[in-house]
Every structure is written in structure tokens, then in C-alpha cells.
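So the structure is just underneath, and the comments pick up after that.
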Amino acid sequence: MSDASPGSEGAASPDELRAQRLAGLDALREKGIDPYPVRFDRDHSLAELREQFGDLEPGAETDVTVRVAGRLLLIRRQGKLTFATLRDASGSVQLFVSRSVIGTEEHEQFDALDLGDWVGVEGTVMTTRKGELSVKVTRAQLLSKALRPLPDKWHGLADVDTRYRQRYADLIANEDAREVFRVRFAAIAAMRAHLVERGFVEVETPILHVVAGGATAKPFVTHHNALDMDLYLRIAPELYLKRLVVGGFERVFEIGRNFRNEGLSTRHNPEFTMLELYEAFVDYHEMMDLAEGLITGAALAALDTTVVTVDGEPFDLAKPWRRASMRELIAEHAGVDVHPSMPVADVAEIARRFDIPIEKDWGSGKLMLEIYEKTTEGNLREPTFVLDYPVEVSPLARVHRDDPLLTERFELVIGGREYANAFSELNDPVEQRTRLEAQARLGAGGDDEAMGYDADYVRALEFGLPPTGGMGIGIDRVVMLLAGVSSIREVLLFPHLRPEVAE
RNA sequence: GCGCCCUUAGCUCAACUGGUUAGAGCAACAGACUCUUAAUCUGUAGGUUCAGGGUUCGAGUCCCUGAGGGCGUACCA
């Protein structure tokens, strides 16, 4: 680095630092070193290396030559001997770079590497006197030059904004972040395997919808130029998945993104991942069994335990989860008996006692749900299936076999938060039409979250949807539960943020 | 949307009730060092204190506006 760039004399302002490293690139090229070579053939991951040689005695030398690659995270220069910590996706190992082994010129080249550089090395496996497994390097090759400095090697990257915007830097610097996403991927893989083992097929359905249905939420609107029409990003895949059951796929699931044009919070991101599944010939009771199996199995696969911690409180997911009706849970937590058969004025009176703001077109069922959400949901600590929601707030769920004003529907609540929503599906096309028409009237009346009327969906039902149980599980929230984090942004690789001010 | 809080070097953090030249560690640069482990030691450089305005003899610190973020709340199957 003897070049006359502004950075050559030890300057370290951001611009100068970059200029200095860019100048370093030129210097490397002049020496015939490609800072971005095309490939490197390794024969061991670092975990494999540790697995094979982890129990060598201190001070051991082997004549086993290995080729490994990774990112340089720490360098301890010691004059004619350099130690470095190399990390790949599987683990890390120490490099032992001795001038007497690789020669002065090679050693100086190694010492010129920066933290953050990717390198590939060849060398023999050894341990130091203190027993640290190391590769005694005989050849080292720069694989990719880092132009930006790593975050603080001890404290990592703490600034939340930067962690989310520059997730790559977060992942390099913070073990905690890597762990959260390891849990995420393991949990999703486990749930997928659980379903495939049980004969479910994974499908993909449209994300661009002509009618945003399957849930009640504000959609994102986009525009198709060639067709000159507005389309909606899906708020749920439900109606398409049930079309597939009509078509004869008896067990289907989809893991994918839903989009809802609503507020952000520690539990809400405008795009989030949902697992939805449908199984023919069963009802919501099987969905409860399946929810327990999916979530407990995901915990075991990702954490090796079924014990999770919510707000500092441990729960063992392995125990059977409580199943109780909304009505009895409200009675327990609010001390009132509420049912959609009660006159609206009476239920509204109860709602007012709990300071619930009431809208004019709400019926007893909607009021009952509001009372539940205000008084009960947040207080359900243990995993609980909340059963039997009012028909009024469940336009796609089948009416309860024992009560015409309730549906066979449940939500799963753990630590006061919702994780799943499921029902015995409504498969009577005539009734479905009536219920969707009621939703459409709400929409026409100004309710921008009413479900749109999807005529083709009703047509599909007219071909016959078998008795079917269906469920949606909020994957991001399950991952939060397993990873023990309290913000959804921590489990999203790239959470939604406002645009960054130009650098 | 509303309320409270935060934003200081590439990173992690300091700076008493407003006080004069904004400090430290890591990273960087120069040097010493062949068994280190966040290596150590010596030296050097690095700042529009988020942006803009205001109050003041004097502002990182107080006030206003804006930007970004966090938490709460509202909305939200």
C-alpha cells in the first residue's frame, strides 16, 4: 500500500478508509493476485474438520492435508507467526500461519489480509500447545476482498436500524441473529416434513388476486398494465386452497407470504408468512391435533426441547393444550355470560361495561368477539384452543353442529397471542353465497375490511367441497415463540422499514 | 395515526445542573513480537454530535420543524 491515494498515510475517515481499501485492490492486482477469483475447491467444512479432529491432544501434529474456506473474523499477528479465526457456515477453526512454513513473502501477504475477507487455505491439521484445533497453513488464497470494515468484533452490531437494513452485517457480527434464523429454518422444515409425512402435498396458489378474499383485511392494490386492471396482493390463500380440495386434492398446504395493508407493530409486518392447510373428511378437532403436532414438532426439531419461554414464563408445549369454548373462557375471565342469541342491546350493555367502543352495525356475535378480545384473549397464558366463534365474524366457517349461531372454529392462543385460526370449513354453497353477500353489503356500507364477494369460489363449492378441516398458522409468530424474541422484525430476514436516507 | 424515548468516529460507548480543544475501546495506519484466543505493547490518524432553524456570551446538552429508529397505543381473524 504505497500508493499515493488519500488513504495511504494512515487516514481513517470513512471515505478514506474505503479509498484505502480500493487502492489495496489495485495493489493486489499489480502483484498478480485476483481479489475475486472464480472458485475454490475445499474438502472439509469446518464442522467436519472439528468432528474428525476434535479430540486431538494438545500439541499434536498430523500429516493430513485439508482445504477449507471461510471468512476471516479475527487476526492475531505475532511477528513471524500469525493466528487467525476462520468461520464458514458450519463453524470455525484457527489458522496457524508460520513464516517458517509458508515463507516470508506469503506470510506478508497473509498479514495484509483484512478482517472480513474470504479466504481459502490448504494446510495440515494440528493443535496448538494449548490444544486449539488449527490448520497449519501451507497455501492461502484470497477468495473475496472486503472493502468495508466489520462491526465491532466484541460487541457486534447493536444499532437496531442498521441490523435490519444491513441484515448481512448483522448476520456476520451477531451470533444471536444467526441463531434466530437457524431456528426459523429448522422449524419451517420440520412443519413441512410433518405435513408431507401425513400425505399433504405442497402447492402454490396465486398471489395476485382479482378479489382479496379468505380473510378480512385491507389489501395492497397493484395494477396490471397489459390487462389494464387493478389486482390485489393476497391477504390469504384460503379460497384457492379450498378450490384444490374441490378439485380432488384431499390434503394440501401452502407456506407463503400474505400481505395486509395495515399498521406495523412488534407482532405485525405488512408481509408475513402463513402456513395454510386443508384436509378432507375431518373437522376442526383434527386441526387441533395437527396444530399440537406441528408446533411441538417444530420446537423439538429447532430447539431439542418442547419448553419455550414467553414473557419470562416457561411453557411446556408437550402437554395437551386446553380446549375451551369462547363462551366459557369469557365467563372465566370477565365473569359474564355472552352468547350471540342474546339481544344486541344486552350484549352492547356488557361491552360498554368493559369500555369497548361500539359501532352501529355490530350484532351480538361481533360484540361477543370484541368482549373476548378485550377481556380474555390477552390473559390466556397456557396454550389454549379457543373454540366456537360466532357465525357473524366467521364467514367461511361451518355452523356448529350443536348451535346455529356459532361456528366450528378455533384460534390457538399462547401467552395472550394468536398463533393459529382453523375451522370445519363451510362447504354448503348456498349458505356460503348468503354469507358472502352479507359481507359484500358490509363492504358497500363502507367497511373496507369486509370480505370481497368471489363468485368463482361459490361456483367451485357448487361442484362439491367434501367435509374439510382447514387451518392457518402464523409462521413468524411461531418462530418468535420458539426463538424467544418479542419483535416480529427479529424473525424476518428483511423486515419492512421506511426507505433509507441516501448514503 | 397518536404518545413517550432514542440518533455522538466504520463499530460499541463516554461527555456533571448548558462551559470553552467532544473522549475511550475495537477496527484502520506505522512499528515490535514464532503458541495467540476480544493477543499484547508503542505511536499516528479518524467527528458537519441525524438534518435545518432558534434561544444564549457560549449548545452534543435547551426550544421548534423535519428524517430515521425503538417501545406503547389505535387499526388489525
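Rounded to an integer number of Å, the gap from Glu392(A) CD to rA77(B) P is 13 Å. The CZ-P distance, from Arg498(A) to rU7(B), rounds to 19 Å in whole Å. Atom CZ in Arg77(A) sits roughly 16 Å away from atom P in rU37(B) (whole-Å rounding). If you measure from atom CD of Gln166(A) to atom C1' of rG69(B), you get 14 Å, rounded to the nearest angstrom. Computed from coordinates, the His107(A) NE2 to rC33(B) C1' distance equals 11 Å when rounded to whole Å. Atom CZ of Phe96(A) is separated from atom C1' of rA39(B) by 14 Å (rounded to the nearest Å). Atom-to-atom, CG of Asn269(A) to P of rG70(B) comes out at 11 Å; the value is rounded to the nearest Å. Here the P atom of nucleotide rG70(B) and the CZ atom of Arg165(A) are 9 Å apart, to the nearest Å.
Each of Leu147(A), Leu73(A), Leu142(A) was evaluated against Asp117(A); a single residue qualifies, Leu142(A), per the side chain to side chain contact (heavy atoms under 4.5 Å, CB included) test.
Nucleic acid contact class of Arg129(A) (heavy atoms, under 4.0 Å, all strands): base. In this structure, Arg267(A) reaches neither bases nor backbone, as no heavy-atom distance under 4.0 Å exists between it and the strands shown. Counting any heavy atom pair closer than 4.0 Å across all strands shown, Ser100(A) reaches a base atom. In this structure, Leu150(A) reaches neither bases nor backbone, as no heavy-atom distance under 4.0 Å exists between it and the strands shown. Contact annotation for Gly156(A): backbone-only contact, meaning every heavy-atom pair under 4.0 Å involves sugar-phosphate atoms and none involves a base. If you check every strand for non-hydrogen atoms under 4.0 Å, Tyr389(A) touches nothing. Pro270(A) comes within 4.0 angstrom of no nucleic acid atom, judged by non-hydrogen atoms across all strands. At a threshold of 4.0 angstrom between heavy atoms, the contacts of Leu74(A) are confined to the sugar-phosphate backbone, with no base atom among them. Using a 4.0 Å heavy-atom distance criterion, Leu264(A) is classed as a base contact. Residue contacts for Lys130(A): at a heavy-atom cut-off of 4.0 Å it reaches a base atom on one of the strands shown. Among the heavy atoms of the strands lying under 4.0 Å from Glu418(A) are primed sugar atoms or P, OP1, OP2 only; no base atom is included.
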* Assess whether side-chain contact (heavy atoms from CB on, under 4.5 Å) is satisfied between Val391(A) and Thr407(A), documenting all intermediate values. => CA-CA 5 Å; Val391(A) 172; Thr407(A) 55; 3.8 Å; yes
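Contact between Val93(A) and Arg50(A) at its shortest, heavy atoms only, is CA-NH2, 3.7 Å.
At a threshold of 4.0 Å, the pair Asp454(A)-Arg243(A) counts as salt-bridged, since one of the basic side-chain nitrogens sits closer than that to a carboxylate oxygen. A salt bridge links Asp289(A) with Arg323(A); the closest basic N to acidic carboxylate O contact falls under 4.0 Å. At a threshold of 4.0 Å, the pair Glu370(A)-Lys374(A) does not count as salt-bridged, since none of the basic side-chain nitrogens sits closer than that to a carboxylate oxygen.
Put simply, Thr266(A) has no side-chain N or O that comes within less than 4.0 Å of OP1 or OP2 on rG70(B). A sub-4.0 Å separation between OP1 or OP2 of rG69(B) and a side-chain N or O of Arg163(A) is absent. In this model, the phosphate group of rC41(B) is not approached by any side-chain N or O of Arg76(A) to a distance below 4.0 Å at OP1 or OP2. The side chain of Lys153(A) contributes no N or O atom lying less than 4.0 Å from OP1 or OP2 of rG10(B).
Listed candidates were rC75(B), rC29(B), rG70(B). Nearest to the side chain of Leu497(A) is rG70(B). Comparing rG70(B), rA38(B), rU34(B) against the side chain of Arg489(A) picks out rG70(B) as the nearest. Out of rU12(B), rG70(B), rU37(B), the shortest distance to the side chain of Thr128(A) is found at rU37(B). Looking at the side chain of Leu115(A), the nearest of the listed nucleotides rU34(B), rC75(B), rA27(B) is rA27(B). Side-chain atoms of Arg260(A) lie closest to rA77(B) of the nucleotides rA77(B), rU37(B), rA28(B).
Between rG66(B) and rC41(B), the two P atoms lie 49 Å apart (nearest whole Å). As rounded to the nearest Å, rC4(B) and rC76(B) have C1' atoms that lie 23 Å from one another. Separating the C1' atom of rC26(B) from that of rG3(B) is a span of 38 Å, rounded to the nearest Å. With C1' as the reference atom, rU55(B) and rC16(B) are 22 Å apart, rounded to whole Å. Between the C1' atoms of rC57(B) and rA9(B), the separation comes to 30 Å (whole Å). One P atom belongs to rA22(B), the other to rU56(B), and the distance between them is 24 Å to the nearest Å. Annotation: rU12(B) and rG18(B) have their P atoms spaced 28 Å apart (nearest Å). A gap of 13 Å separates the C1' atoms of rA15(B) and rA59(B), to the nearest Å.
If you find the closest nucleotide of RNA chain B to Glu373(A) and to Val160(A), the one lying nearer the 5' end belongs to Val160(A). Residue-to-nucleotide proximity on RNA chain B shows that, of Asn421(A) and Asp159(A), the 5′-proximal contact is made by Asp159(A).
Shown here, rU61(B) forms no base pair; nothing in the strands shown gives a Watson-Crick or G-U wobble contact with both key distances under 3.5 Å. Base pairing annotation: rG18(B) forms no Watson-Crick or G-U wobble pair, as no partner gives both donor-acceptor distances under 3.5 Å. With both pairing distances under 3.5 Å, rU73(B) is matched to rG1(B) as a Watson-Crick or G-U wobble pair. Summarising the base pairing, rG10(B) is matched to rC26(B) through a Watson-Crick or G-U wobble pair whose two defining distances lie under 3.5 Å. In this structure, rA38(B) forms no base pair with any nucleotide, since neither Watson-Crick nor G-U wobble geometry is met with both distances under 3.5 Å.
Here the CD1-NE2 distance, from Ile488(A) to His496(A), works out to 13.0 Å after rounding to the nearest 0.5 Å.
The base of rG25(B) is paired with the side chain of Asp152(A) by a donor and an acceptor separated by under 3.5 Å. A donor-acceptor contact under 3.5 Å is not formed by the side chain of Glu132(A) with the base of rU36(B). Not a single donor-acceptor contact under 3.5 angstrom links the side-chain atoms of His155(A) to the base of rC11(B).
The number of heavy-atom neighbours closer than 6.0 Å to CD of Glu51(A), taken from other residues, nucleotides and ligands shown, is 12 or below.
Relative to the six-membered ring of Tyr389(A), Arg409(A) meets both conditions, a distance below 6.0 Å and an angle of at most 45° to the axis.
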